[in-house]
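As structure tokens, the structure follows; a few thoughts come after it.
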Protein chains: 2
Amino acid sequence: MKTADPELMRAMNRLSVLDTIRRRGPISRVEISEGTELSPTTVSAITGSLLDDGLILTRHEGDIRSETVRGRPRVMLELNPAAARVVGAKIAASRMVFVVTDFCGEVLATLTLPIRIDRQPISVIADIVEDGVRRCVLDAGLSLVDVHSVCLGLPGVIEHRSGHIRSSPILRDTNVDFAAEMSARLDTTTIVESDATAITLAHHWFGRARDLEDMVLVSLEQTLGLGVLHNNRLFRGAGGLSHNLGDLVLGMSKDGVVRLSSQAGENAILGFQQTDGRLAEAVRLGRGMAHAQTLIKADDSQLITAAIRAGETIGFTIANIVTLFAPPRVILVGSSLALGEPFLNSLRDAYSLAIPPSLQGVSELVFDDSNDDFWARGAAAVALYELYESPWNTTGPAR
Amino acid sequence: MKTADPELMRAMNRLSVLDTIRRRGPISRVEISEGTELSPTTVSAITGSLLDDGLILTRHEGDIRSETVRGRPRVMLELNPAAARVVGAKIAASRMVFVVTDFCGEVLATLTLPIRIDRQPISVIADIVEDGVRRCVLDAGLSLVDVHSVCLGLPGVIEHRSGHIRSSPILRDTNVDFAAEMSARLDTTTIVESDATAITLAHHWFGRARDLEDMVLVSLEQTLGLGVLHNNRLFRGAGGLSHNLGDLVLGMSKDGVVRLSSQAGENAILGFQQTDGRLAEAVRLGRGMAHAQTLIKADDSQLITAAIRAGETIGFTIANIVTLFAPPRVILVGSSLALGEPFLNSLRDAYSLAIPPSLQGVSELVFDDSNDDFWARGAAAVALYELYESPWNTTGPAR
DNA sequence: TGGATTTAATTTGCATCTCGAATTAATTTG
DNA sequence: CAAATTAATTCGAGATGCAAATTAAATCCA
């Protein structure tokens with residue numbers, strides 16, 4: 001167990017202050033003091049050292065209550081955007097999206113590569129990722145040496161701690177030490193993370209979960225992912241393993257195991273539609289769901305049936321997740337949401353039926369159709385979080 | 001967020017030292033220092049204050065390396081059993097088991113009440129529990145004022161933080177503030193906890209998970225429970241809600257939702273056997289599983305089929321739990337294990353089939369058939385843990 | 001205009017904590 | 001019985017947070 005010494009104490013309080021400044025925008029020292037329950041003295045000391053380190057900036061305006069109130073005006077503090085830059089990426093089967101963000105998580109540049117990398121050998125994928133990172137950094141007017149770290153979000157079973165990809169639907173290989181590979185190529189610290197976990201943090205920082213300390217996110221894409229926020233922290237399985245909902249087993253038949261991914265994954269929903277050549281083409285280009293949506297609007301009964309079935313399955317799966325984690329909110333994201341009402345309604349209905357009576361009302365379902373940039377931004381947030389968490393690297397003893 | 005001050009630092013290190021002494025039996029200060037990575041100075045100071053508070057004792061023997069080694073002999077430290085007593089209880093449908101333990105978790109007295117309380121009104125149950133606690137304390141030669149706290153473990157959806165029982169298969173009422181009710185009756189702090197969580201801690205402290213920081217336990221009784229140990233701590237859902245596996249949904253049919261409890265709960269397995277009057281009688285007396293075992297040994301094909309079916313369902317459910325939590329070990333406990341080989345084999349087989357390839361080998365299955373006392377002792381451990389966690393009540397500033 | 005008032009932030013002084021080095025304590029060795 | 005060895009404590013230094021006092025920077029109002 002980590003021993004508690006003054007250094008740890010400082011680190012904890014520093015993170016607490018830094019995170020408060022991040023969350024509550026320009027904020028004065030007094031307000032930080034109230035929010036963190038730290039004494040004004042301590043807040044002053046910590047913000048002083050954060051200023052020295054160039055992690056935050058002062059601003060002599062923006063106090064909402066000015067004019068109306070007497071006394072010395074509050075000096076507002078905010079993150080220094082220029083304190084660091086990170087790269088975040090979402091790597092999916094048919095495209096990659098890269099973003100460069102500043103220290104606040106604001107996007108400086110975006111790059112989308114609409115390349116189908118499905119099941120390419122790892123070296124090819126690494127080539128493309130490396131290229132994408134380099135180009136996006138260049139687009140932001142920066143060089144790689146200006147980038148503190150890179151975080152790559154991708155579907156599958158990811159071992160965050162070690163940077164290994166145990167398996168991913170978009171990879172042919174298994175058990176790849178992708179973090180080491182990319183760190184070496186880019187000569188920059190590279191983190192590998194489940195895409196669902198990444199967008200979970202995106203929602204905690206910028207999206208629909210800013211007000212919550214506990215939350216669960218379910219991503220419905222080619223595969224099904226799960227992100228869990230517990231006590232303001234990302235919750236990963238033992239050993240830092242990410243969850244992969246698609247692997248969940250629904251039942252067993254004579255032919256073997258029936259997994260969720262085979263019932264409610266993108267391929268499962270669209271796979272039956274081989275009749276429509278244009279749909280098959282759209283799927284190959286990664287626009288399958290968008291096209292499916294138009295088919296559904298045109299009353300394609302076969303597809304509607306598939307969507308309803310998938311929605312039902314996902315609906316009760318979410319109820320099961322709620323049974324296990326009891327989060328106040330479940331956020332659903334991902335391309336499958338584009339299937340529209342038939343899908344969403346059956347999902348909602350199944351959820352309502354499946355949620356145990358004793359948990360009725362503990363959790364609300366929220367649907368969110370953010371674009372791929374948001375996922376990549378989430379990956380960037382993961383990189384930033386690890387940066388925030390270790391600011392004691394930056395300082396020695398306080399002044 | 002809790003602010004980090006010297007007091008918290010002390011509390012953390014005190015807990016760390018106290019827990020090391022609990023785990024590693026009689027142990028010298030040097031060894032504690034190595035184990036906790038605290039300096040000998042600090043260990044001396046903390047153990048000094050623990051001695052002052054009477055929480056630990058010295059013992060001038062027991063050093064294994066004595067005789068063979070020169071120098072000043074080590075003084076061994078151990079928990080002071082007399083520092084406090086707690087009561088733990090397991091409350092099940094057909095019986096209640098109470099234990100009184102000392103500060104080490106050693107059992108001082110046991111009381112089993114073979115009473116069927118199934119779905120009695122809450123006041124009746126509270127009467128019986130109160131009576132059981134009082135009698136067991138008396139049996140231990142103590143009075144209730146000697147008892148620091150009581151922890152009641154029972155199946156269902158329990159809100160540990162507030163002490164509410166949201167629902168329980170053994171209760172007619174729902175959403176009962178049982179902690180408040182029993183605290184008032186006993187005039188002693190009373191904790192309400194899921195029985196599965198309680199036995200999870202029992203295994204972490206005394207049983208099959210002493211060597212692990214992460215672990216999952218599945219209890220197979222009348223209902224199915226889940227306990228999760230994450231990073232040496234009990235993991236509860238958001239808001240301190242316990243998990244209830246029986247509520248998991250396996251699928252949806254026209255007739256409604258199919259829940260795990262209806263497929264693999266005790267009643268589900270034995271329920272079909274209404275032909276055998278003696279079995280029905282045994283079930284009523286809470287010995288259903290034991291009797292079922294003899295029937296299975298006598299090749300009761302109907303029951304064997306039911307057991308195999310249940311084993312299969314539970315097997316893949318456990319694979320799903322592993323998919324979500326990736327624990328290095330899954331411990332299975334509960335009366336259903338008494339169904340024997342047909343059940344266990346089908347469970348194991350289904351698990352092997354259902355576990356995703358990428359998670360193969362991360363988790364081992366362990367079966368454990370501890371008796372009810374062990375569950376009750378787990379509840380006592382929950383009470384003790386909360387006592388250990390707040391030893392800063394006991395001391396002011398160190399001496 | 002300028003002192004009184006008010007609120008923000010910093011400085012000062014103190015108590016607590018951990019830790020390294022030095023010291024004391026309790027053994028065995030020869 | 002002194003030397004060696006290991007355990008545990010004491011002492012002093014450095015870091016931290018906090019309360020109280022002080023300083024800073026505004027507004028208010030005669």
Side-chain angles (χ1 to χ4, degrees), chain A residues 1-17 26-34 36-52 56 58-77 392 395-399, chain B residues 1-17 26-34 36-52 56 58-77 392 395-399:
Chain A
M1 197 196 280
K2 179 79 191 76
T3 153
D5 51 12
E7 198 182 334
L8 174 68
M9 197 161 86
R10 231 312 148 78
M12 291 172 63
N13 289 338
R14 252 183 90 109
L15 175 60
S16 173
V17 168
I27 182 177
S28 66
R29 293 175 175 81
V30 245
E31 289 168 292
I32 297 173
S33 173
E34 287 159 9
T36 58
E37 300 182 47
L38 258 44
S39 76
T41 315
T42 306
V43 172
S44 243
I46 291 176
T47 52
S49 113
L50 291 173
L51 281 166
D52 285 350
I56 59 174
T58 59
R59 191 206 280 194
H60 289 273
E61 67 220 26
D63 185 349
I64 310 166
R65 357 136 295 159
S66 56
E67 313 300 320
T68 78
V69 115
R70 337 203 334 181
R72 178 175 174 175
R74 302 175 170 181
V75 176
M76 309 306 274
L77 303 170
W392 51 87
T395 63
R399 279 191 284 187
Chain B
M1 199 193 281
K2 180 78 191 76
T3 152
D5 52 12
E7 197 183 334
L8 175 68
M9 194 162 88
R10 229 309 147 80
M12 290 172 63
N13 288 339
R14 252 182 91 110
L15 175 60
S16 172
V17 168
I27 182 175
S28 67
R29 292 175 175 81
V30 245
E31 290 169 291
I32 297 173
S33 173
E34 287 158 8
T36 57
E37 300 180 46
L38 258 46
S39 77
T41 315
T42 305
V43 172
S44 243
I46 291 176
T47 53
S49 114
L50 292 173
L51 281 166
D52 285 351
I56 60 174
T58 61
R59 190 206 280 193
H60 290 271
E61 66 222 24
D63 186 349
I64 310 163
R65 351 139 300 158
S66 55
E67 313 300 321
T68 78
V69 114
R70 340 205 329 185
R72 177 176 176 175
R74 301 175 172 185
V75 176
M76 307 308 273
L77 302 171
W392 52 88
T395 62
R399 278 188 289 186

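So you know, we letter chains A, B, ... as the sequences are listed, proteins then strands, and number each from 1.
- Side-chain atoms of B/Val75 and B/His60, non-hydrogen and from C-beta on, do get closer than 4.5 Å to each other.
- Comparing atom distances between the B/Arg72 side chain and each of D/dA25, C/dT24, C/dC17 picks out C/dT24 as nearest.
- Nucleotide C/dT16 holds its C1' atom 18 Å from the CD atom of A/Glu7, rounded to whole Å.
- Residues satisfying the side chain to side chain contact (heavy atoms under 4.5 Å, CB included) criterion with A/Ser28, sequence neighbours excluded, are A/Val30, A/Glu31, A/Arg74, A/Met76.
- The 5' end of DNA chain C is approached more closely, in terms of each residue's nearest nucleotide, by B/Pro6 than by the other of B/Pro40 and B/Pro6.
- Distances from the side chain of A/Asp5 to the nucleotides D/dA26, C/dT18, C/dT27 place C/dT18 closest.
- In the set D/dT6, D/dA25, D/dC28, D/dC28 carries the atom at the smallest distance from any side-chain atom of A/Arg70.
- Taking A/Ser39 as the reference, A/Thr42 meet the side-chain hydrogen bond (donor to acceptor under 3.5 Å, both in side chains) condition, with sequence neighbours excluded.
- Side chain of A/Arg74, nearest nucleotide from D/dT16, D/dC18, C/dA8: C/dA8.
- Sequence order on DNA chain D of the closest nucleotides to A/Ser39 and B/Thr41 puts B/Thr41 first from the 5' end.
- Taking every side-chain heavy atom of A/Pro73 into account, D/dA25 is the closest of D/dT16, D/dA8, D/dA25.
- Consecutive pairing runs in DNA chain C reach the stem threshold at C:1-30 with D:1-30, where a stem means at least three Watson-Crick or G-U wobble pairs with distances under 3.5 Å.
- For the side chain to side chain contact (heavy atoms under 4.5 Å, CB included) criterion with A/Arg29, the lone passing option out of A/Val43, A/Ile46, A/Val17 is A/Val43.
- The two atoms that bring A/Thr36 and A/Ser16 nearest to each other are CG2-OG, 3.5 Å, heavy atoms only.
- Smallest separation of non-hydrogen atoms from B/Pro6 and A/Met9: N-SD, 3.6 Å.
- Atom CZ of B/Arg10 and atom P of D/dG17 are 17 Å apart (whole Å).
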